[in-house]
Amino acid sequence: MNKGVGGLGGGAGAGSGPTAAAAAAAAQKQKTLLQRVEGDIANIVDNFSHLVSVARVNDPPVRNSQEAFMMEMRAARMVQAADSLLKLVSELKQTAIFSGFASLNDHVEQRRVEFNQLAEKTDRTLSRIGEEAAASLKELESHYSSSAQKTIQNLQP
């Protein structure tokens, strides 16, 4: 017996950004999953108690066939509830795996942005250093060209 499959989507309007929305979605998903677990377990317990109460043996053959039908029906419902719990476990495993990938992807994206910012800062710094070096080189060339040392070297044969 499945009681609604809660999706991971859906926003929480009153939060402070994506983290609050993710937390609200996770809380809603957890609430839905807990309701499914409680419903399936209650279904198994209820059907098992009815199965035990119907399992007594009576003399009239018609009564026994009715009880056999009731036992089969209750057993089938128990199997459905157990199957629902197994599907829930599978869904939880998939959610854990995929949320791990999603969180890893978010972390990779965050680090990529940080490295891009660092690369831009490094490029600006290197560009500034290059400009300063070019300006210093021009200044040194102008000092050298106007220096007495160069004039003496040019006059010598």
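Since the model is a prediction, treat every value here as computed from it, not as a measurement. These values consider heavy atoms only, across backbone and side chains, with no hydrogens, waters or symmetry-generated copies.
Within the 3.5 Å criterion, the main-chain N or O of K121 finds a donor-acceptor partner in the side chain of T125. Listed for the S84 side chain is no donor-acceptor partner under 3.5 Å among the backbone atoms of Q80.
In summary, R128 and E131 do not engage in a salt bridge, as defined by a charged side-chain N under 4.0 Å from a carboxylate O. Ion pairing between E91 and K87 fails under the 4.0 Å rule for side-chain N and carboxylate O. In summary, R111 and E114 engage in a salt bridge, as defined by a charged side-chain N under 4.0 Å from a carboxylate O.
Minimum heavy-atom separation, D40 to A81: O-CB, 3.7 Å. When all heavy atoms of R77 and N43 are compared, the pair lying nearest together is O-ND2, 4.4 Å. M78 approaches N47 most closely through the heavy-atom pair CG-CB, 3.4 Å.
Under the 4.5 Å side-chain contact rule for hydrophobic residues, I41 and L51 share a cluster. A single hydrophobic cluster is not seen to contain both M70 and V79; linkage of ILVMFWY side chains at heavy-atom distances under 4.5 Å, directly or through other members, places them apart. When the side chains of ILVMFWY residues are joined at heavy-atom separations under 4.5 Å, either directly or via intervening members, V37 and V89 end up in two distinct hydrophobic clusters. Note on F48 and L86: separate hydrophobic clusters, where clusters join Ile, Leu, Val, Met, Phe, Trp and Tyr whose side-chain heavy atoms are under 4.5 Å apart, directly or indirectly.
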Dump the intermediate steps for side chain to side chain contact (heavy atoms under 4.5 Å, CB included) on H50 and D46, then the final yes or no. CA-CA 6 Å; H50 281 90; D46 183 48; 3.0 Å; yes
Could you go through the salt bridge (Lys or Arg N to Asp or Glu O under 4.0 Å) check for E141 and K138 one step at a time? CA-CA 5 Å; E141 285 176 348; K138 282 185 181 181; over 6 Å; no
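For the atom pair CZ (R112) and NE2 (H107), the distance works out to 13.5 Å, reported to the nearest 0.5 Å. Rounding to the nearest 0.5 angstrom, the gap separating the CG atom in L137 from the OG atom in S142 is 10.0 Å. Atoms NE2 and OG, on H143 and S136 in that order, are 10.0 Å from each other to the nearest 0.5 Å. Atom CZ of F115 sits about 14.0 Å away from atom CD of E120, to the nearest 0.5 Å. With rounding to the nearest 0.5 Å, the separation of CG in L34 from NZ in K31 is 10.5 Å.
Contact annotation: the side chain of L85 never approaches that of R36 to less than 4.5 Å [non-hydrogen atoms, C-beta and beyond].
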